[in-house]
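The next block holds one structure in the form of structure tokens; read it before the comments.
Hydrogens, waters and symmetry mates are skipped; everything else that's a heavy atom, side chains included, is used.
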Amino acid sequence: VQLQASGGGLVQPGGSLRLSCAASGRTFSNYAQGWFRQAPGQEREFIAVISSWSGGRTYYGDSVKGRFTISRDNAKNTVYLQMNSLKPEDTAVYSCVTKSSSCSGYGCYDSTNYPYWGQGTQVTVSS
């Protein structure tokens, strides 16, 4: 499975960005896909996930609830992360993740449950 993330960049506080994650080479049909981030010197942080490809729930980390929205385009095999009201503390490398099955509850938040990771895209929020 290959995950290609894009859409990162430099944005001013209060601005918006949309990240994309296109998946290829996937043979399983019902899977969770989402995003984590990591800033320098900090632990990896859960951002958002869609728990399954069909009728799945969305989960968000507390720090991004109400500002970020995860969505998908099944036809394009792509997941998006719309990020609004960005803050300097959102600055990090954002990585797309997926697994070969759905997730539920606390399992969706655990980075060790995702064996497939994209290369990451840098998001910098600064004036």
Side-chain angles (χ1 to χ4, degrees):
V1 177
Q2 292 80 43
L3 300 173
Q4 182 67 46
S6 61
L10 173 65
V11 63
Q12 293 186 343
S16 299
L17 280 176
R18 189 177 80 156
L19 305 183
S20 301
C21 178
S24 61
R26 179 157 47 195
T27 59
F28 36 89
S29 59
N30 188 32
Y31 45 86
Q33 189 164 343
W35 298 88
F36 284 78
R37 71 185 181 189
Q38 189 165 22
Q42 296 188 20
E43 293 187 355
R44 185 175 289 158
E45 180 185 7
F46 169 79
I47 298 303
V49 72
I50 296 178
S51 65
S52 67
W53 207 242
S54 175
R57 291 185 58 183
T58 55
Y59 296 84
Y60 294 94
D62 288 341
S63 64
V64 305
K65 281 180 182 177
R67 300 188 299 124
F68 290 12
T69 302
I70 189 170
S71 62
R72 66 185 176 221
D73 184 329
N74 290 6
K76 295 182 178 180
N77 219 4
T78 298
V79 166
Y80 303 96
L81 184 69
Q82 178 66 44
M83 306 185 294
N84 298 328
S85 302
L86 282 161
K87 306 174 182 179
E89 50 264 44
D90 294 317
T91 296
V93 174
Y94 285 69
S95 297
C96 179
V97 301
T98 193
K99 61 196 296 280
S100 60
S101 61
S102 61
C103 70
S104 63
Y106 290 113
C108 294
Y109 298 87
D110 186 350
S111 64
T112 64
N113 287 334
Y114 298 93
Y116 305 105
W117 289 70
Q119 85 285 4
T121 184
Q122 176 70 46
V123 172
T124 302
V125 184
S126 175
S127 55

Inset, instruction - With sequence neighbours excluded, give me every disulfide (SG to SG under 2.5 Å) pair touching residues 32-92. - result: none
Inset, instruction - Assess whether side-chain contact (heavy atoms from CB on, under 4.5 Å) is satisfied between W35 and F46, documenting all intermediate values. - result: CA-CA 7 Å; W35 298 88; F46 169 79; over 6 Å; no
Inset, instruction - Search all heavy atoms of C103 against all heavy atoms of V49 and return the closest pair with its distance. - result: SG-CG1, 4.3 Å
Inset, instruction - Not counting sequence neighbours, which residues clear side-chain hydrogen bond (donor to acceptor under 3.5 Å, both in side chains) with Q122? List them please. - result: T124
Inset, instruction - Taking side-chain hydrogen bond (donor to acceptor under 3.5 Å, both in side chains) as the test, write out the residues that go with D110, two or more places apart. - result: T112
Legend entry - Residues that D73 engages under side-chain hydrogen bond (donor to acceptor under 3.5 Å, both in side chains), provided they are two or more places apart: none
Inset, instruction - For A22, check side-chain contact (heavy atoms from CB on, under 4.5 Å) against everything at least two apart and list the hits. - result: T78
Legend entry - Pairs involving residues 54-102, ordered by first then second residue, that meet ring pair (Phe, Tyr, Trp, His ring centres under 6.0 Å) (sequence neighbours left out): Y59-Y109
All N/O donor-acceptor pairs, side-chain side in residues 81-89, below 3.5 Å, sequence neighbours left out:
residue, atom, partner, partner atom, Å
Q82, NE2, N84, OD1, 2.9
N84, OD1, S16, OG, 2.9

Inset, instruction - Taking side-chain hydrogen bond (donor to acceptor under 3.5 Å, both in side chains) as the test, write out the residues that go with R18, two or more places apart. - result: none
Legend entry - V97/Y116 under side-chain contact (heavy atoms from CB on, under 4.5 Å): CA gap, chis, key distance, verdict: CA-CA 6 Å; V97 301; Y116 305 105; over 6 Å; no
Inset, instruction - Scan for salt bridge (charged side-chain N to carboxylate O under 4.0 Å, His left out) pairs involving residues 46-64, sequence neighbours excluded, and state none if there are none. - result: D62-K65
Inset, instruction - For residues 38-55, pull every pair meeting salt bridge (charged side-chain N to carboxylate O under 4.0 Å, His left out), keeping only residues two or more places apart or in separate chains. - result: R37-E45
